[in-house]
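Okay, so here's the structure we're looking at.
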Amino acid sequence: MVQTGSMQKYTKGNLLLINDKPLNYAMSNIYEIGATWPKAFDRVVIGKNGPYVLACFRGEGEDKNWWYMPHDEYVVLVEGEMTIEYKEPREEIAPGPHKAVTGTDMGSMVLRDGSLASLPAKIAYRMRAPKKSLALLQTKHNEWLTYAWKDICLTEE
């Protein structure tokens with residue numbers, strides 16, 4: 001049976017196991033994170049493979065930060081609507097969040113359910129969502145990610 005989810009209707013993440021215990025696996029439900037995580041735009045890690053990370057976040061309102069990374073990132077909008085503004089900085093800036101970025105506006109992109117957007121290396125971006133939205137972000141490990149395995153994964157049977 002196929003089950004779909006949303007931030008309004010989800011079930012706690014679970015696994016169908018034949019002969020093992022669910023506690024032997026780390027897994028979570030992104031809809032639950034989107035519906036219940038207290039801070040919008042907080043990048044919550046849901047998977048890691050070497051230096052590569054998959055995170056999810058709830059977009060709601062405007063992210064006050066411009067983000068700048070030395071590597072490409074990708075975002076998939078799972079639910080809702082989100083606008084991404086791009087800006088090419090006048091000079092190289094440190095990786096991470098910035099309150100303001102001076103440079104050349106490069107336009108914007110509107111994402112809706114299922115849209116994929118590239119967040120190019122060394123191009124600043126900022127996101128805003130007119131309503132509660134859920135996104136997946138593919139990036140590399142960095143200090144601005146939230147690792148909350150204990151909070152998002154099944155810890156008891």
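- The CZ atom of R43 sits 5.5 Å away from the CD atom of E73 when rounded to the nearest 0.5 Å.
- Note that OH of Y125 is 15.5 Å distant from OG of S108, once rounded to the nearest 0.5 Å.
- Rounding to the nearest 0.5 Å gives a distance of 5.0 Å between OG1 of T102 and CZ of R90.
- Sorted by first and then second residue, the salt bridge (Lys or Arg N to Asp or Glu O under 4.0 Å) pairs with a member in residues 46-57 form an empty list; sequence neighbours excluded.
- Going from atom CG of L77 over to atom CG of L137 covers 12.0 Å, rounded to the nearest 0.5 Å.
- Rounding to the nearest 0.5 Å places CD1 of I30 at 11.5 Å from CD of E32.
- Listed by chain and number, the residues in a salt bridge (charged side-chain N to carboxylate O under 4.0 Å, His left out) with R128 are E85 (sequence neighbours excluded).
- In this structure the side chain of Y68 reaches within 4.5 angstrom of the side chain of K122, judged on heavy atoms.
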Would you mind writing out the side-chain donor-acceptor pairs for residues 92-101 within the sub-3.5 Å range, not counting sequence neighbours?
| from | atom 1 | to | atom 2 | distance (Å) |
| --- | --- | --- | --- | --- |
| H98 | NE2 | A94 | O | 2.6 |
| K99 | NZ | N65 | OD1 | 3.3 |

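- Remark: Y52 engages Q138, K140 in a side chain to side chain contact (heavy atoms under 4.5 Å, CB included) (not counting sequence neighbours).
- At least one side-chain heavy atom of V78 sits under 4.5 Å from a side-chain heavy atom of Y31.
- There is a path of hydrophobic side-chain contacts, each under 4.5 Å, that joins V45 to L54.
- Considering every non-hydrogen atom in both A55 and L145, the closest pair reads CB-CD2, 4.3 Å.
- Here the side chains of K87 and W66 are in contact, with some heavy-atom distance below 4.5 Å.
- Scanning for salt bridge (charged side-chain N to carboxylate O under 4.0 Å, His left out) contacts around E62 gives R126, with sequence neighbours left out.
- The environment of D105 atom CG is dense: over 12 non-hydrogen atoms of other residues, nucleotides or ligands sit within 6.0 angstrom.
- Under a hydrophobic clustering in which Ile, Leu, Val, Met, Phe, Trp and Tyr are joined whenever their side-chain heavy atoms come within less than 4.5 Å, directly or via other members, F41 and V44 fall into different clusters.
- Neither Y74 nor M106 shares a network with the other; the hydrophobic side chains, linked directly or stepwise wherever heavy atoms of I, L, V, M, F, W or Y lie under 4.5 Å apart, form separate groups for each.
- W67 is connected to L119 through a chain of hydrophobic side-chain contacts under 4.5 Å among Ile, Leu, Val, Met, Phe, Trp and Tyr, so both are in one cluster.
- Residues passing the ring pair (Phe, Tyr, Trp, His ring centres under 6.0 Å) test with H71, sequence neighbours excluded: none.
- When the side chain to side chain contact (heavy atoms under 4.5 Å, CB included) test is applied to D42, the partners found at least two apart in sequence or on another chain are W37, K39, T146.
- At least one side-chain heavy atom of M82 sits less than 4.5 Å from a side-chain heavy atom of S133.
- Between C56 and I46 the shortest heavy-atom distance is SG-CG2, 3.9 Å.
- By the side chain to side chain contact (heavy atoms under 4.5 Å, CB included) test, A117 pairs with V75, I84, Y86, M109, L111, sequence neighbours left out.
- Applying the side chain to side chain donor-acceptor pair (under 3.5 Å) test to E81 and every residue at least two apart in sequence or in another chain returns R112.
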